[in-house]
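Report on the structure given below.
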Amino acid sequence: MKTSEMTGAALNWAVGKAEGLDGWLAPVNYCGKWEHGGPIIQRENIGLWSEGYDWEAKISVDFGKWLVEWDESPLVAAMRCYVASKLGDNIEIPEELNQGEEK
């Protein structure tokens, strides 16, 4: 699944995986609760700002190289950015999570 299209349970699973966990630590909601996703944003120095109705998240992955993601939710944009920086642009996720996603 493309990191840029992840939402909900798939994105939460991928964040857990990027954190070095097995990905199945429900009810951690990194992309829906600031108390879960906020510490990652701060620790990883992810920049957030609004671009009209969307939010842009930006993370430095190398000197002069940035990853950028967008979403209506700042947490979703930031968590996509984090996952892409740790796991890449395409991630294999468990089939049961892929079935539950609209995208």
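It should be emphasised that the depicted structure is a prediction, and the values quoted were computed from it without experimental measurement. Throughout, residue positions are numbered sequentially from 1 according to the sequence presented.
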- Among all residues two or more places apart in sequence or in another chain, which pass the side-chain contact (heavy atoms from CB on, under 4.5 Å) test with V61? I59, K65, L67, S85

- Query: Going from OG on S73 to CG on D54, what distance comes out if it is rounded to the nearest 0.5 angstrom?
  - Reply: 10.5 Å

- Salt-bridge criterion met for E92 and K17 (N-O under 4.0 Å): no

- Query: For A14 and L87, which heavy atoms make the closest approach, and how far apart are they?
  - Reply: O-CD1, 3.6 Å

- Query: Looking at side-chain heavy atoms only, is the closest gap between M1 and N90 below 4.5 Å?
  - Reply: no

- Message: Any non-hydrogen side-chain atom of N12 less than 4.5 Å from a side-chain atom of H36?
- Response: no

- Note on the structure: Looking only at heavy atoms, the pair that brings A84 and D89 closest together is CB-OD1, 4.1 Å

- Query: Measuring from S50:OG to W55:CH2, what's the distance to the nearest 0.5 Å?
  - Reply: 5.0 Å

- Message: Run W70 and R80 through side chain to side chain contact (heavy atoms under 4.5 Å, CB included) and show every step you take.
- Response: CA-CA 8 Å; W70 295 268; R80 285 177 181 165; over 6 Å; no

- Task: Looking only at non-hydrogen atoms, find the nearest pair between A18 and Y82 and report the distance.
- Result: O-OH, 3.5 Å

- Message: Any heavy-atom pair between the side chains of W49 and K58 that's under 4.5 Å?
- Response: yes

- Message: Between I41 and M79, is there a side-chain heavy-atom distance shorter than 4.5 Å?
- Response: yes

- Query: Are any non-hydrogen side-chain atoms of I91 and V83 less than 4.5 angstrom apart?
  - Reply: yes

- W13 and M6, any side-chain heavy atoms less than 4.5 Å apart: no

- Message: Measuring only between side-chain heavy atoms, which start at C-beta, is K86 closer than 4.5 Å to V15?
- Response: no

- Message: If I compare all heavy atoms of L48 with all of A78, which pair ends up nearest, and what's the gap?
- Response: CD2-CB, 4.1 Å

- Task: Might you point out which heavy atoms bring A57 and C81 nearest each other, and give the distance in Å?
- Result: O-SG, 3.4 Å

- Any side-chain heavy-atom pair from L11 and Y30 closer than 4.5 angstrom? no

